[in-house]
Student: 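The following block contains the structure, expressed as structure tokens.
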Amino acid sequence: VFRHPKRAITGGPFDLVFVDPPYDRVVDLGPVFAALVDACSDDAIIVVEQDRNDRFDFESDPSLSPMNTYEYGDTLVTFATACKHAGDQP
């Protein structure tokens, strides 16, 4: 998935997606999220599990918009929506 995310993510549109990457690869998720958004429905929910000490920076990536994050020990679970038109100008 990390090498060719557009080829790895097929099907859709998806309404609910769970992302549980290897914790040491969470910073590499930008291209994966960009490809995932294309396969999601307009109101899709994406649930991302990650380590609280090695988390993905949602603010630096326009693909997902986080809604809520919950902490469970060293684990974070973030619920986000897909931003299908993040790069579009009004």
Side-chain angles (χ1 to χ4, degrees):
V1 171
F2 289 103
R3 287 186 184 184
H4 304 288
K6 289 223 182 250
R7 280 194 264 162
I9 300 171
T10 60
F14 301 110
D15 296 320
L16 179 62
V17 178
F18 293 93
V19 180
D20 185 9
Y23 283 167
D24 63 339
R25 297 292 305 266
V26 75
V27 295
D28 299 333
L29 286 175
V32 174
F33 287 151
L36 179 62
V37 165
D38 291 339
C40 286
S41 66
D42 288 338
D43 57 351
I45 301 294
I46 296 99
V47 182
V48 181
E49 181 181 337
Q50 56 190 324
D51 186 278
R52 75 180 325 191
N53 299 314
D54 187 25
R55 61 178 77 179
F56 182 76
D57 183 11
F58 287 100
E59 292 181 16
S60 70
D61 187 290
S63 300
L64 299 181
S65 177
M67 299 182 308
N68 294 312
T69 297
Y70 301 93
E71 294 185 29
Y72 301 98
D74 288 336
T75 301
L76 297 178
V77 177
T78 300
F79 289 76
T81 57
C83 298
K84 287 186 159 274
H85 307 288
D88 294 351
Q89 296 296 321

Student: Asp15 vs Asp43, test: side-chain contact (heavy atoms from CB on, under 4.5 Å). Steps then yes/no.
Tutor: CA-CA 7 Å; Asp15 296 320; Asp43 57 351; 4.3 Å; yes
Student: Test side-chain contact (heavy atoms from CB on, under 4.5 Å) on Arg52 and Thr75; report intermediate values, then the result.
Tutor: CA-CA 5 Å; Arg52 75 180 325 191; Thr75 301; over 6 Å; no
Student: How far apart are the closest heavy atoms of Ser63 and Val37, and which atoms are they?
Tutor: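 Heavy atoms only, the tightest pair is O-CG2, 3.2 Å.
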Student: Would you compute the distance between atom CZ of Phe79 and atom CG of Leu16 and round it to the nearest 0.5 angstrom?
Tutor: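 Here the interatomic distance stands at 8.5 Å.
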Student: For the residue pair Pro13 and Cys40, what are the closest heavy atoms and their distance?
Tutor: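 That would be CB-C, 4.0 Å.
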Student: Report yes if some heavy atom in the side chain of Ile46 is under 4.5 Å from a heavy atom in the side chain of Thr81; otherwise report no.
Tutor: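 A side-chain contact is absent here, since even the closest heavy-atom pair is not under 4.5 Å.
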Student: Give the intermediate values and the outcome of side-chain contact (heavy atoms from CB on, under 4.5 Å) for residues Val47 and Thr78.
Tutor: CA-CA 6 Å; Val47 182; Thr78 300; over 6 Å; no
Student: Would you mind reporting whether Val19 and Leu36 have side-chain heavy atoms less than 4.5 Å apart?
Tutor: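 Answer yes - side chains close enough.
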Student: Do the side chains of Tyr70 and Leu76 get nearer than 4.5 Å, heavy atoms only?
Tutor: no
Student: Say whether Phe18 and Phe14 are linked into one hydrophobic cluster, either directly or through other cluster members, by side-chain heavy-atom distances under 4.5 angstrom.
Tutor: no
Student: For Leu64 and Ala80, which heavy atoms make the closest approach, and how far apart are they?
Tutor: CB-CB, 4.1 Å
Student: Would you check if Gln50 and Val77 make a side-chain contact, meaning some heavy-atom pair closer than 4.5 Å?
Tutor: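 No - every pair of side-chain heavy atoms lies 4.5 Å or more apart.
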